[in-house]
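Following: one structure in structure tokens, then a few remarks.
Any value given below was found using the heavy atoms of this structure, including those in side chains, with hydrogens, waters and symmetry copies removed.
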Amino acid sequence: MDCPVSQKEALITIYSICQQNTSEYFREIGGLMFINDLAKSSVHCIVKEAALFTLGIIIESNVYCQQTLCTSELFEDLILFLIKKDSGVNLKRMSVYVILVLVSNNKNGQTYVRDTGCISLLLQLFRTTLPTSEKNLSDENTDPCYQLWSSVCSTLCACVNNPQNDNQNICCSVFPYAKEWLESCTEPEIVRPICSFLGLTVANNSYVQKYFVSIGGLDTLAKVLLELMHDSCLSHSSMKLAVVVTKTLDACIANNSAVGVVLAKYHTVSELLKLLSNETLNTGEKISIILTIGHCTEVCGKIYWNARESSIK
């Protein structure tokens, strides 16, 4: 217990072994609870980080281990790691990682993350940890604050999806921040995580979709698409990113085509047709674009048929 380096090495060995389908046995002999206690009791940061990472790896690999550790108590412990002033960025990242694997495809975990207030803390981290320096963004693989923010984005995505739940209504509170970042930056490192978060949060939720439109979010996505389409003439990455934005647009209007009228002033359908003509797109990307075009024009068809019925009468 007085040798943190040896403890870290032992934990690394444990998660390596548990990746070979031995997680269930490790759970049965009390290993999960021991590592959980170690993460809470150790005074050494490297041990806490290694213990949390080991727990995350094991939870991710075995649904029974996920069920065993998915308790309000563990979420409360993770909250403490996130709010303590002496917690480093890496310890926070490991804490967020454990939250991610606890809520992934797990209704109980999604409920606990809401009921314990953990999701409110994640939303606070979403708002406050994104680096604003272009230098930091260009070095996203090594910048710890960006990595923490990216992990938070992934965790919020898991909180609202599979199954979709009330967390969508909570997460829309940070839409203004997401909109502001999209307006000021079209770097893939920012646009991809935000679009994933937006797309899953608005999916099949008319209340959240209408709120996003009301703050000008759909306008912002349409403008980002225009900018990327201009860049796509020169950049393959911009074209791929335009597909990501297209999928997010579609999630915003798929079940609520009436809000899609906003897109007409940006000639979005024309831009999507240009994007569709790109020969480097794969079949899945082309299908996504076609579906988006269909949802964009759906309301036009309804208006046409309503007008025709009125004229017949």
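Grouping the Ile, Leu, Val, Met, Phe, Trp and Tyr side chains by contacts below 4.5 angstrom, directly or via other members, places M1 apart from V43. Hydrophobic clustering (ILVMFWY, side-chain heavy atoms < 4.5 Å, transitive): V160 and V101 are in distinct clusters. Hydrophobic clustering (ILVMFWY, side-chain heavy atoms < 4.5 Å, transitive): L55 and I17 are in distinct clusters. Note on L273 and L249: same hydrophobic cluster, where clusters join Ile, Leu, Val, Met, Phe, Trp and Tyr whose side-chain heavy atoms are under 4.5 Å apart, directly or indirectly.
To the nearest 0.5 angstrom, R93 atom CZ is 13.0 Å from L82 atom CG. If you take CD1 on I293 and OG on S288, they are separated by 11.0 Å, rounding to the nearest 0.5 Å. One distance of note links OG1 of T297 with CG of L272; it measures 10.0 Å at 0.5 Å rounding. Here the straight-line distance linking atom OG1 of T246 with atom CG of L291 works out to 11.5 Å at 0.5 Å rounding. Rounded to the nearest 0.5 Å, atoms OG1 (T111) and CG (N167) are 7.5 Å apart.
At least one side-chain heavy atom of I289 sits less than 4.5 Å from a side-chain heavy atom of L281. Looking only at side-chain heavy atoms (C-beta outward), Y112 and L74 stay at 4.5 Å or farther from each other. A 4.5 Å side-chain heavy-atom check between T292 and K247 finds every atom pair outside the cut-off. V152 has its side chain out of reach of L123: every pair of non-hydrogen atoms, C-beta onward, lies at least 4.5 Å apart. Side chains of L38 and Q7 form a contact here, defined as non-hydrogen atoms less than 4.5 Å apart. Between Q67 and V63 there is a side-chain heavy-atom pair separated by less than 4.5 Å. Annotation: side chain of C252 is not in contact with side chain of V259 (no heavy-atom distance under 4.5 Å). Taking 4.5 Å as the limit, some side-chain heavy atom of I99 sits within range of a side-chain heavy atom of C118.
Dense packing is recorded around OH of Y266, with more than 12 heavy atoms of other residues, nucleotides or ligands lying under 6.0 Å away. Within a 6.0 Å radius of CG in N282, other residues, nucleotides and ligands contribute more than 12 heavy atoms.
The two residues N165 and C159 make their nearest non-hydrogen contact at ND2-O, 3.0 Å. Across all their heavy atoms, T268 and A222 have their closest contact at OG1-CB, 4.1 Å. The two atoms that bring A39 and K48 nearest to each other are O-NZ, 3.0 Å, heavy atoms only. Looking at every heavy atom in both residues, N278 comes nearest to T280 through OD1-OG1, 2.5 Å. Between G117 and I79, the shortest heavy-atom distance links the atoms C-CD1, 4.3 Å. Of all the heavy atoms in P144 and V89, the pair that sits closest is O-CG1, 3.4 Å.
A donor-acceptor contact closer than 3.5 angstrom links the side chains of S23 and S61.
In this structure, S184 contributes its side chain and W181 its backbone to a donor-acceptor pair below 3.5 Å.
Within the structure, ring-ring contact (aromatic ring centres under 6.0 Å, His included) pairs that include any residue of residues 37-95 comprise Y15-F53, F53-Y97 (at least two apart or interchain).
Remark: of the listed residues L100, L102, V103, V103 is the sole one forming a side chain to side chain contact (heavy atoms under 4.5 Å, CB included) with V113. Partner of Q66 under the side chain to side chain contact (heavy atoms under 4.5 Å, CB included) criterion, chosen from N108, I58, I59: I59.
For T220, the side chain to side chain contact (heavy atoms under 4.5 Å, CB included) partners two or more places apart in sequence, or in a different chain, are K179, L182, E183, V224.
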Would you mind writing out the side-chain donor-acceptor pairs for residues 197-213 within the sub-3.5 Å range, not counting sequence neighbours?
| unit_1 | atom_1 | unit_2 | atom_2 | d |
| --- | --- | --- | --- | --- |
| T201 | OG1 | F197 | O | 2.6 |
| N204 | OD1 | N255 | ND2 | 3.4 |
| N204 | ND2 | Q164 | OE1 | 3.2 |
| N205 | OD1 | Y207 | N | 3.2 |
| N205 | OD1 | V208 | N | 3.0 |
| N205 | ND2 | Q168 | OE1 | 3.4 |
| N205 | ND2 | N169 | OD1 | 3.0 |
| Q209 | NE2 | V202 | O | 3.1 |
| Q209 | NE2 | A251 | O | 3.2 |

#### Entry: Residues K8, E49; criterion salt bridge (charged side-chain N to carboxylate O under 4.0 Å, His left out); working and verdict
CA-CA 9 Å; K8 179 181 177 180; E49 292 170 5; over 6 Å; no
